[in-house]
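All values reported here derive from a predicted model rather than from experimental measurement. By convention here, the first residue in the shown sequence is residue 1.
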Amino acid sequence: MGRVATVVAHLRAAGVSPVLIGAVAMSAHGAARASADVDFLALDASLLRDGSWAALRALGHVVEVRVGDIDDPLAGVIRVDPDADEPVDIIVGASPAWQRGIVERAVATCRVDGVAVCLPEVADLVLLKLYAGGPRDLDDARLLLGLPRGEHTRTQVDARVASLSARMRGNWDRVLAPQDR
């Protein structure tokens, strides 16, 4: 069993439904971008307990657990096999309602490392990019809007971002600005 399949099996055994995010999820939707890792979103803060990863460590995997501080918008990040060619990152969200919505709307339509994983809607990937807010993230959001059904995605993001933070709404305005000129 490969690294991704092992991590997904471990998460599912713990009762966690990981959702594929990042460049691999973008590629699954048709927006290709290279990345050296595979990213998942999970909303269970118990994953940040170091002991949660003993079974993977016993299999020889290196697991780094980083808990977010008071100023961090994430609860934390877990990186499995950080020095591997393709490490696996589990982004542990702080579980606001909008993040729970992403997990609830995700459907199992993508296979990674031979295992079916939940894939978020394109609009939800855009929201995650707005949340991260870096220059590459905003470029990724623009790339996602350029996919077929981009206007549908834009309508969905417009509806969802309206109730989110001012920072995310501002990032959405930045993403749209070059398209509206």
Side-chain angles (χ1 to χ4, degrees), residues 1-50 52-68 72-95 98-144 147 153:
M1 185 181 319
R3 180 178 301 107
V4 172
T6 300
V7 170
V8 169
H10 179 78
L11 291 168
R12 288 180 177 157
V16 176
S17 297
V19 175
L20 184 67
I21 60 172
V24 177
M26 289 176 58
S27 292
H29 279 294
R33 181 172 71 73
S35 179
D37 61 5
V38 178
D39 300 313
F40 289 95
L41 172 67
L43 301 181
D44 188 339
S46 72
L47 295 172
L48 297 170
R49 292 194 300 262
D50 207 43
S52 297
W53 299 94
L56 258 62
R57 288 185 175 117
L59 294 172
H61 295 279
V62 174
V63 180
E64 296 176 352
V65 177
R66 293 187 304 258
V67 177
D72 196 330
L74 299 174
V77 177
I78 298 114
R79 180 159 258 210
V80 179
D81 296 333
D83 295 327
D85 289 340
E86 192 175 55
V88 176
D89 291 336
I90 299 101
I91 310 304
V92 181
S95 295
W98 72 272
Q99 290 175 347
R100 284 191 305 277
I102 290 171
V103 171
E104 291 166 1
R105 286 185 295 270
V107 293
T109 59
C110 181
R111 293 190 79 74
V112 179
D113 194 22
V115 65
V117 294
C118 293
L119 184 65
E121 296 178 354
V122 175
D124 286 333
L125 284 174
V126 172
L127 288 179
L128 290 168
K129 294 299 184 177
L130 298 177
Y131 186 63
R136 183 172 202 162
D137 298 301
L138 300 185
D139 285 343
D140 285 348
R142 290 180 191 100
L143 183 62
L144 289 164
L147 292 173
T153 298

Could you tell me whether a side-chain N or O of [X] sits under 3.5 Å from a main-chain N or O of [Y], the two making a donor and an acceptor?
X     : Y     : result
Arg3  : Glu86 : yes
Trp53 : Val62 : no
Arg79 : Pro87 : no

Heavy-atom pair of closest approach, residues [X] and [Y]:
X      : Y      : value
Pro120 : Leu125 : CG-CD2, 3.6 Å
Arg57  : Val65  : NH2-CG2, 4.3 Å
Ala42  : Leu47  : CB-CD1, 3.7 Å
Ile91  : Ile21  : CG1-CD1, 3.9 Å
Ala32  : Ser27  : CA-OG, 3.6 Å
Leu144 : Ala31  : CD2-CB, 4.1 Å

Can you confirm whether [X] sits close enough to [Y] that some side-chain heavy atom of one is under 4.5 Å from a side-chain heavy atom of the other?
X      : Y      : answer
Leu138 : Arg142 : yes
Leu41  : Ile102 : yes
Leu20  : Val38  : yes
Val80  : Asp89  : no
Ile78  : Leu48  : yes

Original post:
Looking at residues at least two apart in the chain, or sitting in another chain, which of them share a side-chain hydrogen bond (donor to acceptor under 3.5 Å, both in side chains) with Asp113?
Top reply: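 If we apply the side-chain hydrogen bond (donor to acceptor under 3.5 Å, both in side chains) test to Asp113, skipping adjacent residues, there are no hits.
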
So, taking the atom named [atom1] in [X] and the one named [atom2] in [Y], what distance separates them when rounded to the nearest 0.5 Å?
X      : Y     : atom1 : atom2 : answer
Glu121 : His29 : CD    : NE2   : 8.0 Å
Glu64  : Asp50 : CD    : CG    : 10.5 Å
Leu128 : Met26 : CG    : CE    : 11.5 Å

Please tabulate, for the side chains in residues 5-17, all donor-acceptor contacts under 3.5 angstrom to protein atoms that are two or more places apart in sequence or on a different chain.
residue, atom, partner, partner atom, Å
Thr6, OG1, Gly2, O, 2.8
His10, NE2, Ser52, O, 2.8
Arg12, NH1, Ala116, O, 3.4
Arg12, NH2, Ala116, O, 2.6

Original post:
Val112 and side chain to side chain contact (heavy atoms under 4.5 Å, CB included): which partner among Val4, Val88, Leu119?
Top reply: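 Result: among Val4, Val88, Leu119, Val4 is the only option passing the side chain to side chain contact (heavy atoms under 4.5 Å, CB included) with Val112.
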
Original post:
Would Asp139 and Arg33 pass as an ion pair if we require N to O under 4.0 Å?
Top reply: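 So Asp139 does not pair with Arg33 through a salt bridge.
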
